[in-house]
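Each remark here refers to the structure printed beneath this line.
Since the structure is predicted, the reported quantities are computational estimates derived from the model, not experimental observations. In this chain, numbering begins with 1 at the start of the sequence shown.
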Amino acid sequence: MSLKLRQLSHLVLLADELHFARAAERAFLSQSAFSRSIGALEEETGMRLFDRGPHFVSPTPAGQHVIDRARRLLSSSHDLSREIAMLRSGDLGNIAVGAGPFSGIALMPSALAELRRRHPRVQAKLVISDAWSLLQQLRDEKLDFFLAEMQGIPANELLAVKPLGRLTGAFFCRAAHPLANQSGLRLADLAGASFVAVHMPTELRRVLGKLIAADEHGELPIAVECESLAILREFVLASDVVLVATERAMQMELAAGTIRKLQVLDIEAPGEPTPLATNFGMVSLRDRTPTTASNILMGLVQAEAAKVLAPASN
């Protein structure tokens, strides 16, 4: 048995009207064509679905059962068609996206807010973590895409990577820190400081280790490493540590005067390369077709990156 939705819609129309001529008119069919459709459905089911008389049409008990079921099927079909249209337009769906702490705070709030404004039914999940963890989640298809430092992304033919631009970091401390009001600082002057940071690529830790002070591994010693900028901010405010971060991540505290940016000549000389400049990219699986909503969010992230990030360095 292969019942068609069109036949079931005719069945429901006749149940609503209890009159062949009126039901046929609503179906945009001639009465004879409509009658043949109902007859074919009864033949397909092997049951009489309507009793007919000179002046009445009435569902049989079996017909009423089929009518009730047909109503639910047609409603589900309508809902499915509507949801497919919404998925196609990006008005419906779930998105899971990852980001590092700095790319997350620089790009995701505005991009997600714009997505919410345009497509309020889309549900988004944002995971903040390090590049390695985000890559594992992408491979497990738990994420649609993620943002990360380019140097933390391995070359792999399975990955599609779109460069987004560059963020430049700096050193920060609380307003009462002994270094807070010193001018003309150089990296070597930070040798006695205790540093805190989000996960930092090994190569960057080695570069900073050479310029400031190295541990037994030749890297910058990090007293506390944490992916939560909120926790790191509280730690900085409560102790004399130096935070490696970006101005955008600290903008509220800088405006309030509770945290100060250290003026370090080595990383702020005009035209000079700085070890704290990092290129960021957007990573997805090359052979995975993104949803419409995911494509929309990726476009919004790229648009935001063009506004707030510097061009990527070589």
With salt bridge (Lys or Arg N to Asp or Glu O under 4.0 Å) as the test, would you mind laying out the steps for Arg22 and Glu25 before giving the verdict?
CA-CA 5 Å; Arg22 291 196 299 268; Glu25 184 177 358; over 6 Å; no

**Prompt:** Taking the side chain from Arg166 and the backbone from Pro311, do they hold a donor-acceptor pair closer than 3.5 Å?
**Reply:**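 Yes, the answer is positive, given that a donor and an acceptor are paired below the 3.5 Å cut-off.
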
Side-chain (Arg116) to main-chain (Ala124) donor-acceptor, under 3.5 angstrom: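 Absent.
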
Contact between [X] and [Y] at the side-chain level, heavy atoms closer than 4.5 Å - yes or no?
| X | Y | value |
| --- | --- | --- |
| Val236 | Phe172 | no |
| Lys307 | Ser110 | no |
| Phe280 | Glu149 | yes |
| Met250 | Leu243 | yes |
| Glu227 | Pro101 | yes |
| Arg71 | Ile67 | yes |
| Leu276 | Phe171 | yes |
| Leu229 | Ile128 | no |

Validation: residues 28-38 side-chain donor-acceptor distances under 3.5 Å, sequence neighbours left out:
from  : atom 1 : to    : atom 2 : distance (Å)
Ser30 : OG     : Ser32 : OG     : 3.2
Ser30 : OG     : Ala33 : N      : 3.1
Ser35 : OG     : Gln31 : O      : 2.9
Ser37 : OG     : His10 : ND1    : 2.7

Could you list all the side chain to side chain donor-acceptor pair (under 3.5 Å) pairs where at least one residue sits in residues 55-64, not counting sequence neighbours?
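Pairs touching residues 55-64 that pass the test: Gln64-Asp68.
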
Q.
Please determine whether side chain to side chain contact (heavy atoms under 4.5 Å, CB included) holds for the pair Asp189 and Gln182, giving the CA-CA distance in whole Å, both sets of side-chain angles, and the decisive distance to 0.1 Å.
A. CA-CA 10 Å; Asp189 296 325; Gln182 292 190 28; 5.9 Å; no

How far does CG of Asp16 sit from CG of Leu11, to the nearest 0.5 angstrom?
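These two atoms lie 9.5 Å from each other.
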
When rounded to the nearest 0.5 angstrom, what distance separates CG in Leu74 from CZ in Arg72?
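So the gap between those two atoms works out to 11.5 Å.
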
Any residue meeting side-chain contact (heavy atoms from CB on, under 4.5 Å) with [X], in chain and number order, not counting sequence neighbours:
| X | result |
| --- | --- |
| Ala305 | Leu107, Leu164, Leu309 |
| His217 | Asp215, Glu219 |
| His177 | Cys173, Arg174, Leu179, Ala180, Asp240, Val242 |

Is [Y] reachable from [X] through a run of hydrophobic residues whose side-chain heavy atoms are each under 4.5 Å from the next?
| X | Y | value |
| --- | --- | --- |
| Leu5 | Val12 | yes |
| Val97 | Met150 | no |
| Val224 | Val198 | yes |
| Val196 | Ile231 | no |

Does atom [atom1] ([X]) have a neighbourhood of more than 12 heavy atoms from anything else shown, all under 6.0 Å?
| X | atom1 | answer |
| --- | --- | --- |
| Arg69 | CZ | no |
| Gln302 | CD | yes |
| Arg248 | CZ | yes |

Can you list everything that forms a side-chain hydrogen bond (donor to acceptor under 3.5 Å, both in side chains) with [X]? Sequence neighbours excluded, please.
| X | answer |
| --- | --- |
| Gln123 | none |
| Arg286 | none |
| Glu42 | Arg52 |
| Ser133 | Asp130 |

Using a 3.5 Å cut-off and no angle test, enumerate the donor-acceptor pairs between side-chain atoms of residues 204-212 and protein atoms at least two apart in sequence or in another chain.
from   : atom 1 : to     : atom 2 : distance (Å)
Arg205 : NE     : Leu220 : O      : 3.2
Arg205 : NH2    : Leu220 : O      : 2.9

**OP:** List the steps and the verdict of side chain to side chain contact (heavy atoms under 4.5 Å, CB included) for Met108 and Leu147.
**Re:** CA-CA 9 Å; Met108 294 310 303; Leu147 315 180; 3.7 Å; yes

Of all heavy-atom pairs between [X] and [Y], which one has the smallest distance, and what is that distance?
| X | Y | answer |
| --- | --- | --- |
| Leu126 | Ala99 | CD1-CB, 4.2 Å |
| Ala197 | Ile222 | N-CG2, 4.1 Å |
| Leu167 | Ala106 | CD1-CB, 4.1 Å |

Can you give each donor-acceptor pair under 3.5 Å made by side-chain atoms of residues 154-162, sequence neighbours left out, with the distance rounded to 0.1 Å?
from   : atom 1 : to     : atom 2 : distance (Å)
Asn156 : OD1    : Leu158 : N      : 2.8

Report all side-chain donor-acceptor pairs from residues 134-145 shorter than 3.5 Å, counting only partners two or more places apart or in another chain.
from   : atom 1 : to     : atom 2 : distance (Å)
Gln136 : OE1    : Arg139 : NH1    : 3.4
Asp144 : OD2    : Ala96  : N      : 2.8

